[in-house]
Amino acid sequence: IFDGLHYITLSKENMEKSEELIRFNGEEPVRLTMKYSDEALTRIGIQAQNDISAAYKNADIGSKVFISLNLTGNKVTVKISESDPSLIEATVVSEYNYQYKQNKYYWGTRTSTGSCTNTCVYSYDGTQLQLVGQNLDTSFL
């Protein structure tokens, strides 16, 4: 690429098209950024909610026995990981309510409500999401 001004267009599936005017001098690196499309972000957010709900169903809650667990009012934020740009972090803040039995001596049910924050980390190649890790809030269980 010759020194001077260049108009650069980047496009990739599931990403917003990026168009920038860049001054290139051959000495300093040029950084271009792309954002995930709204459709891709929605898919990632839905997948995170599903993965978190599934993880809670398998959570170890000690002497409590789940009768029901509902995560509602989910607020999802999706961003590229600051520590590894090849990964995507989806953070889900949910209101929870659940019913449980504490132990065999307690015959009725108890209810707990509150808010929890959970994060799923994904690798994403533009078509397929791969769950890399979860930071699941189990403090309320």
Side-chain angles (χ1 to χ4, degrees), residues 1 3-141:
I1 298 177
D3 288 357
L5 284 175
H6 296 274
Y7 189 74
I8 298 178
T9 301
L10 297 175
S11 63
K12 184 178 177 183
E13 187 177 352
N14 293 311
M15 306 290 279
E16 289 182 3
K17 188 175 184 180
S18 176
E19 299 177 322
E20 297 183 47
L21 187 61
I22 301 292
R23 180 173 299 279
F24 182 75
N25 64 16
E27 296 175 13
E28 297 177 24
V30 174
R31 296 193 185 272
L32 303 171
T33 58
M34 295 185 76
K35 296 180 182 177
Y36 289 95
S37 68
D38 290 341
E39 179 183 335
L41 293 178
T42 299
R43 282 187 21 230
I44 294 166
I46 290 169
Q47 185 64 47
Q49 292 175 60
N50 291 340
D51 288 337
I52 288 166
S53 293
Y56 273 121
K57 289 179 183 172
N58 297 319
D60 180 7
I61 57 171
S63 65
K64 296 178 183 176
V65 177
F66 271 135
I67 295 169
S68 67
L69 169 66
N70 299 303
L71 300 177
T72 59
N74 298 317
K75 294 179 184 148
V76 183
T77 57
V78 179
K79 67 175 188 168
I80 295 174
S81 171
E82 293 176 9
S83 60
D84 184 348
S86 68
L87 301 177
I88 301 169
E89 296 176 1
T91 301
V92 183
V93 180
S94 306
E95 299 297 318
Y96 68 80
N97 62 69
Y98 71 102
Q99 288 188 316
Y100 62 98
K101 290 185 178 182
Q102 185 66 41
N103 56 44
K104 65 182 179 180
Y105 303 110
Y106 186 75
W107 299 107
T109 59
R110 298 181 182 184
T111 301
S112 181
T113 60
S115 180
C116 58
T117 301
N118 303 285
T119 301
C120 288
V121 179
Y122 297 95
S123 63
Y124 185 52
D125 64 7
T127 56
Q128 186 168 1
L129 284 171
Q130 180 69 40
L131 182 63
V132 174
Q134 291 173 320
N135 183 0
L136 200 65
D137 179 2
T138 57
S139 63
F140 64 89
L141 296 176

S.K.: Quick one: do Gln49 and Leu71 satisfy side chain to side chain contact (heavy atoms under 4.5 Å, CB included)? Show the steps, please.
M.R.: CA-CA 9 Å; Gln49 292 175 60; Leu71 300 177; over 6 Å; no
S.K.: Which distance, rounded to the nearest 0.5 Å, do you find between the CD of Glu95 and the CG of Asn70?
M.R.: 12.5 Å
S.K.: So, using ring-ring contact (aromatic ring centres under 6.0 Å, His included) as the criterion, who are the partners of Tyr56 when residues are at least two apart?
M.R.: Phe140
S.K.: Can you name the closest pair of heavy atoms from Gln99 and Thr109 and give their distance?
M.R.: NE2-OG1, 4.0 Å
S.K.: Distance check, rounded to the nearest 0.5 Å: Ile52 atom CD1 versus Gln47 atom CD?
M.R.: 10.5 Å
S.K.: Just so I know, are the side chains of Tyr100 and Ile67 near enough to count as touching, which here means a heavy-atom distance under 4.5 Å?
M.R.: no
S.K.: Kindly give the heavy-atom pair with the smallest separation between Leu129 and Arg43, and that separation in Å.
M.R.: CD1-O, 4.2 Å
S.K.: Which heavy atom of Asp137 sits nearest a heavy atom of Asn118, and at what distance?
M.R.: N-OD1, 2.7 Å
S.K.: State the SG-CG distance between Cys120 and Leu131, to the nearest 0.5 angstrom.
M.R.: 5.5 Å
S.K.: Look up atom OG1 in Thr119 and atom CG in Leu136, then write down how far apart they are to the nearest 0.5 Å.
M.R.: 9.5 Å
S.K.: Would you name the heavy atoms of Ser112 and Tyr96 that are closest together and state the gap between them?
M.R.: OG-CE1, 3.8 Å
S.K.: Drop me the distance from Ile44's CD1 to Glu39's CD, to the nearest 0.5 angstrom.
M.R.: 11.0 Å
S.K.: When rounded to the nearest 0.5 angstrom, what is the spacing between CD in Gln134 and OH in Tyr122?
M.R.: 7.0 Å
S.K.: Which atom names give the shortest non-hydrogen contact between Ser123 and Val132, and what distance separates them?
M.R.: N-CG2, 3.6 Å
S.K.: Can you name the closest pair of heavy atoms from Val92 and Ala48 and give their distance?
M.R.: CG2-CB, 4.0 Å
